[in-house]
Amino acid sequence: MRIFSGIRPTGNIHIGNYLGAVKQWIELQEKNECVFCIVDLHAITTPYDPKELQKNILDAASIYLAAGVNPEKSIIFVQSEVKEHAELAWLLETITPMGELSRMTQYKEKSKQYKDYVNAGLFAYPVLMAADILLYRAKAVPVGKDQEQHVELARTIAKKFNQKFGQIFPEPETILPKTGAKIMSLTNPKKKMSKTDDPKSYISLFDSPEDITKKIMSAETDSGKEVVYNITKKPGISNLLIIYSLITGKTTQEIEKQFKGKGYGEFKKSLAKVLADYLEPFRRKQKELQTRDVYVKEMLSQGASRAKTIAETTMKEVRSKMGLS
Ligand code: AQP
């Protein structure tokens, strides 16, 4: 099965991105043909510094590698290096109803977050994402919960295209993790953990043990002191319990038992230690890769040429079906 997924090079990849998406990629690449993209054309729809973008792209690539994405098994590349993404997005825009785009939750949230930066690219973002997926005729898209609505739209667009111009695209399915599809912010457990938020609100994959401890110890918890899972009454502690469970493989009930009568402080100390240990190999690999820019660039260029071969074949068919050649 062909699989597509991507991450915006907008900053430090956090444990939400990892547990919601990247962890699944590592498992999926064993048995599938995976295409993993650094979606820089999506990154420029929200405020960014052009001087920082190339560095962020290289950082994202080394993060993929440090997290375990294997370039011998998967295609890893930068979106803007394969021009067909932008071309297909434009063609698909001509069949995407405005009404569908206005319903998108991410557009509503991001246009509130960046009031002075509400641009047409942000509005059309889900069509570019549909193009990313359909260009590779991917059948499945491993993402976190926040991206589920966009994959549904990609399915709608694929169906519409096939009906109007003839069958080309499979209708892609979302692959959501059973738990961890939406890790919440450490400073506001009612909001999703986000890399463009305050660094105190997330644990980056490469945070030092000291930073992890500081962030976890000051993570917002709820009234009372019992470590119990209750998403409505105790959203803060429940979020931390989910993280603990995903990192250790223990169930939330087992963890509740382990910390019965011990209070939030002891639980948080243990979580910080568990996280720091789990992330140690990521930090080590990332340090190694920081000195290997040439290798990372070469890997991306090979990935782009493999991606281009698939993209060109799809676009030939699309242009012909649409009467453009
Ligand atoms: N909090 C989260 N919990 C679980 N999964 C998450 N993802 C994002 N946040 C969480 C998943 O990570 C992948 C990459 O996300 P993205 O870079 O495309 O952008 P995003 O979804 O908008 O993530 P961020 O961290 O909030 O980034 P910014 O701040 O740039 O907008 C996706 O599969 C996403 O579902």
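We count residues from 1, following the sequence as given. First listed ligand is number 1; within each ligand, the first listed atom is number 1.
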At what distance is the nearest protein heavy atom to [atom], and which residue and atom is it?
atom: atom 28 (P) of ligand 1; value: T196 OG1, 3.5 Å
atom: atom 16 (P) of ligand 1; value: K195 NZ, 3.7 Å
atom: atom 7 (N) of ligand 1; value: N17 ND2, 3.6 Å

Does an N or O anywhere in [X] fall below 3.5 Å from an N or O of ligand 1?
X: H14; result: yes
X: K110; result: yes
X: G16; result: yes

Verdict with reasoning, K195 to T10, per side chain to side chain donor-acceptor pair (under 3.5 Å): CA-CA 7 Å; K195 52 180 134 59; T10 42; 3.0 Å; yes
Record the part of [X] in heavy-atom contact with ligand 1 below 4.0 Å; permitted values are side chain, backbone, both and neither.
X: M184; result: neither
X: A181; result: backbone
X: T10; result: side chain
X: M193; result: both
X: S194; result: both

Aromatic contact between H85 and Y136, with the criterion being ring centroids under 6.0 Å apart: yes or no? yes
Side-chain donor-acceptor pair present, D132, Q79, cut-off under 3.5 Å: yes
Donor on one side chain, acceptor on other, S74 and W25, under 3.5 Å: no
May I ask you to list the atoms of ligand 1 that are less than 4.0 angstrom from any heavy atom of G180? 4 (C)
